[in-house]
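Only one structure is covered here, and it is reproduced in the block below.
The residues of the chain are indexed from 1 along the displayed sequence. Atoms within a ligand are numbered from 1 in the order they appear, just like the ligands themselves.
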Amino acid sequence: MKILVLNGPNLNLLGQREPDVYGGESLDDIIALIKAKAGELGVDVDFFQSNEEGALVTRIQDSIGNYDGMIFNPAAYTHTSVALCDAVKAVDVPCVEVHLSNVHSREEFRHKSLIVAACVGQILGFGANSYILALEGIVQYLRRSK
Ligand code: DQA
């Protein structure tokens, strides 16, 4: 089973970026945690981060036939991107939306996700652990749907 972990804009700055909101782990730290959990679960994981919407659309399109599931933190594009919503809908690859912070306890513009309707579920508010919970969730979902 192969899972693609996608991260959107500014998540390359995790660790230095608003650590009170997003925690002290860098993206590489989070990737290491996900790899360790993937090893326990016996699944393969690939990673992609981009600050560009089009690059994320292209990577999602390229998941067709190459991945069984996706974990996606669209970051700020969560709240603005019809193109990313359409891309997730266009591919037959189940996706879990992830956020480090609890976006519902923050500014009102973060309360709306344009992506979640295209996803099987959403996990947020647990910091780096949101990704681990999402990995467990998508793997269980895929194993049950086989
Ligand atoms: C985020 C929440 C978004 O609102 C924000 O723009 C981010 C990070 C999170 O993981 O909590 O960049 O997706």
Side-chain angles (χ1 to χ4, degrees), residues 1-41 43-64 66-142:
M1 185 179 292
K2 280 192 81 172
I3 309 293
L4 176 63
V5 181
L6 286 168
N7 280 292
N10 300 306
L11 296 174
N12 54 314
L13 295 183
L14 285 176
Q16 3 170 346
R17 175 193 179 206
E18 298 181 84
D20 46 319
V21 178
Y22 299 118
E25 293 95 346
S26 67
L27 188 54
D28 282 347
D29 294 336
I30 292 174
I31 286 172
L33 292 171
I34 297 170
K35 280 184 178 164
K37 176 53 78 174
E40 279 173 32
L41 295 171
V43 300
D44 293 324
V45 269
D46 284 340
F47 298 89
F48 182 73
Q49 187 276 330
S50 180
N51 294 324
E52 288 161 29
E53 190 176 20
L56 291 161
V57 168
T58 301
R59 199 69 169 87
I60 292 167
Q61 289 184 4
D62 290 347
S63 69
I64 299 173
N66 291 315
Y67 293 97
D68 301 291
M70 290 187 287
I71 292 169
F72 188 17
N73 185 346
Y77 290 140
T78 306
H79 319 297
T80 63
S81 180
V82 176
L84 286 171
C85 173
D86 286 351
V88 175
K89 276 191 181 155
V91 299
D92 194 19
V93 181
C95 182
V96 175
E97 183 181 310
V98 166
H99 299 285
L100 295 137
S101 65
N102 177 359
V103 287
H104 299 289
S105 67
R106 301 180 62 199
E107 304 96 318
E108 203 170 335
F109 67 84
R110 295 185 203 275
H111 295 183
K112 173 88 183 154
S113 167
L114 298 188
I115 317 293
V116 68
C119 296
V120 294
Q122 185 189 45
I123 294 179
L124 53 89
F126 295 99
N129 202 34
S130 290
Y131 289 88
I132 302 303
L133 296 169
L135 183 61
E136 289 175 338
I138 193 73
V139 168
Q140 223 172 80
Y141 174 90
L142 291 166

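Side-chain contact, Ser101 with Arg106: a donor N or O sits under 3.5 Å from an acceptor N or O.
Leu27 is linked by a side chain to side chain contact (heavy atoms under 4.5 Å, CB included) to Asn7, Leu14, Ile31, Gln49, counting only residues two or more places apart in sequence or in another chain. Considering only residues two or more places apart in sequence or on other chains, Gln61 meets the side chain to side chain contact (heavy atoms under 4.5 Å, CB included) condition with Val57. Every side chain to side chain contact (heavy atoms under 4.5 Å, CB included) that Asn102 has, sequence neighbours left out, goes to His104, Ser105, Leu124.
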With the criterion set at N/O pairs under 3.5 Å, what does the list of contacts between the protein and ligand 1 look like, atom names and distances included?
unit_1   : atom_1 : unit_2 : atom_2 : d
ligand 1 : 4 (O)  : His79  : NE2    : 2.7
ligand 1 : 4 (O)  : Arg110 : NH1    : 2.9
ligand 1 : 6 (O)  : Ala76  : N      : 3.2
ligand 1 : 6 (O)  : Arg110 : NH1    : 3.1
ligand 1 : 10 (O) : Asn73  : ND2    : 2.9
ligand 1 : 10 (O) : Leu100 : N      : 2.8
ligand 1 : 11 (O) : Leu100 : N      : 3.3
ligand 1 : 11 (O) : Ser101 : N      : 2.9
ligand 1 : 11 (O) : Ser101 : OG     : 2.6
ligand 1 : 12 (O) : Arg17  : NH1    : 3.1
ligand 1 : 12 (O) : Arg17  : NH2    : 2.9
ligand 1 : 13 (O) : Asn73  : OD1    : 2.8
ligand 1 : 13 (O) : His99  : ND1    : 2.8

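In plain terms, the two heavy atoms of Val120 and Pro94 that are nearest each other are CG1-CB, 4.0 Å.
Test Lys2, Arg59, Lys35 against Asp46 for salt bridge (Lys or Arg N to Asp or Glu O under 4.0 Å) and you get one pass: Lys2.
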